[in-house]
Amino acid sequence: MPSLSAIRSSLAPALVKVRAHTGPMTEELVRHPADHGLGLPQLPGRIKPASTVKSVCGFCATGCSLDIHLDADGRALNLSADPAYPVNLGMACPKGWEALTPLAATDRATTPLLRDPATGRLAPVSWPVALDTFTTRFKAIQAAHGDHSIAFLSTGQIPTEEMAFVGALFKFGMGGLHCDSNTRQCMATAHVAYKQSFGFDAPPYTYQDFEESDVLVFVGSNPAIAHPIMWQRVQMNKNTPEIIVLDPRRTETAMCATRHIALNPKSDLTLLYAIAHVLHHEGWIKRDYIDAHTSGYDDFAAFLKPYAPLAAEAVTGVSAETIRHLAEIIARGKAVSFWWTMGVNQGYESTRTAQALINLALMTGNLGRPGTGANSITGQCNAMGSRLYANATSLFGGRDFANPTHRTEIADILGIAPAHIPSESSLAYDQIIDAIDAGKIKGLWVIATNTAHSWINSSRFAALRDKLDFLIVQDMYATTETALMADLVLPAAGWGEKEGFFINSERRLGAIHKVARAPGQALSDFKIFQLIAQAWGCADRFAKWTSPAAAFQLIKEFSRGRPCDITGIRDHAHLTASGGIQWPHPDTATAEPARERRLFADGKFFTPDQRARFLFDSPRPNPEPACADYPFVLNTGRGSSAQWHTGSRTNKSDVLRKLAPRSLYVEINPADAARLGLVFNDRALISSRRGQLEANVVITATVRPGHVFMPMHFDAVNRLTHPSYDPHSRQPNYKSCAVQINHGD
Ligand code: SF4
């Protein structure tokens, strides 16, 4: 196994190479090493492209634009990073460079597969048989157990048109109610935090803010690995900024920061309140801004009384002097931006932690100006699309299922009876799992996600498989951990094989385009939803959903008059020609939108009184702290910039596999390793109250004594994680559970 430092250093040249290529294509650069197999042509050597199409990357929510170079038949030869796009400015990370390779994987699902009861194996069937089985089995479950006994779990990885279509089909056509997506694991906290504080799920920033701050505060965020192009934008900041990283681990970002605060795990809420305490008591606040644009500050100030720096020392492990100094840096900053990612979102008190950052921005007047903001960095390429248009827990466009006016608005747009729209919201992901356990949900449809690997306390999901009467998996690959459990597999086209749009972290809509043919009988998810509507017998309610282009026009209407209004965007071609467009862009706009826009410059928020709210709660006890039996705190997260989530795509690339360890590893502090008698590459047995696994030992001082870290890209890791959830967002707590470590075999 290569060492972590070798891996990390190997990533830097990859980025440099990408950044260097901002000029015209050369013959050398158009040759792609992985063009082979299904859907993509074999390249005889150096081939000049016949044309180029711009498409937004389908991995992370940075939303880089890639130039896809095509042959004369319109098929992708290779790609390069778009030098003109305002997001990535000619850069791409290793995943972006390898974006075409997973399409050519040999384990693509190329035909529907149905489990044969005689052999117990998945066997190929035709699409008509698959669709008939889908409807027959799901309708039988509904007849036996009620309409709400079927559910789906979807993704932040498919285009907005597709996630909107399946949300409409399931709830307005199939009579279903309970559905959620893997954005629950990723961005539910940011969604709820913004909605409660600002009145709408509205990340306020633009990526230019990375370059314009003079103080950047990253909390539970490691963009150097998880969002490398955003980190490159930080590197372009000419203000010699103060970069503060709050993270228990000395991450790659922490190593590059001007200040790394290695606070105790899950003590961030207390630390942020302590910083707010100092700001308030020193008078380092923007009283004019607070009075004009916020509500609840006086209650917040009273609440802060017990969070004096000295009192916070024991909980946070951060000295009172350091806490005061952090507050002073923030107070002195002219343009302070606060950034958070999964270290905040994936916690048991995550919403209030995110809002503690929002509170800091509000009380110091750091919103709506260049270089400022309380800014959540999104995970998946279309998590923001899912938050606004998945039609799962909120009705299209951030509406409320319980609101009859909202239901009528959507029914009118779709030309269906309002009675077809449910008046209650869906169960959240964890509650759907509980309902399976309770025997209330008997049919599950998993779309472009890999629950068996990624869901917290994963052994439980595996055990629940037998409680389902029928499991359908719709995916590019028939080999994911979840697809291998399925009764029926529907083969789906992937990114690059279909049309649509994503919304990135900074609210920018970007179009994706078809540059390769899906293999075998695989179909776009959009086409599969159309076929299911026909097979189910409800196609008449979806007559307007004729294509992704038509669905885009419907989504525009869903947005009309909402904070996320995009009625001024004509079509996908408008997005591509414009370099992406940030919402809002209503059709009342008199000019093309600027390339970079932020929200709340006028201090008006989306709450009824147009004021942002200070929201806060006392910190809650850690549901599973370290103890005598389980003395280590396990943190999980991104392993490298070459890996993506469960690896179903990135593991298909030889290039990406070489940039990351192939075997599961655990990072442990040198003092702990010495005490346990472990040396580098020993096998360690890691156990929690829920399961155990073996991993190679990596000894590194990046984790503190008593802490260990493991990458989330290996399926065994979630056998250990603790099934606890934030009460507001119901996002799982992947960042802290108690484990013990022993010698493995
Ligand atoms: Fe950009 Fe993210 Fe794609 Fe990398 S994975 S190229 S950072 S969008």
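Please read all numbers here as calculations on a predicted model, not as lab measurements. Start at 1 with the first residue, then count along the sequence. Each ligand, and each atom within it, is numbered from 1 in the order the structure gives.
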Colleague: Verify the ring-centre separation between Tyr429 and Trp455: is it less than 6.0 angstrom?
Modeller: yes
Colleague: Under 4.0 Å between a side-chain nitrogen and a carboxylate oxygen: does that hold for Arg233 and Glu211?
Modeller: yes
Colleague: Are Ser337 and Tyr205 side-chain neighbours, meaning at least one heavy-atom pair lies under 4.5 Å?
Modeller: no
Colleague: Can you name the side-chain contact (heavy atoms from CB on, under 4.5 Å) partners of Ser458, sequence neighbours left out?
Modeller: Asn718, Arg719
Colleague: Are Tyr194 and Trp340 near enough that their ring centres are under 6.0 Å apart?
Modeller: yes
Colleague: Between Phe600 and Phe198, is the ring centroid distance below 6.0 Å?
Modeller: yes
Colleague: With 2.8 Å as the limit, jot down which protein N, O or S atoms are around atom 3 (Fe) of ligand 1.
Modeller: Cys57 SG
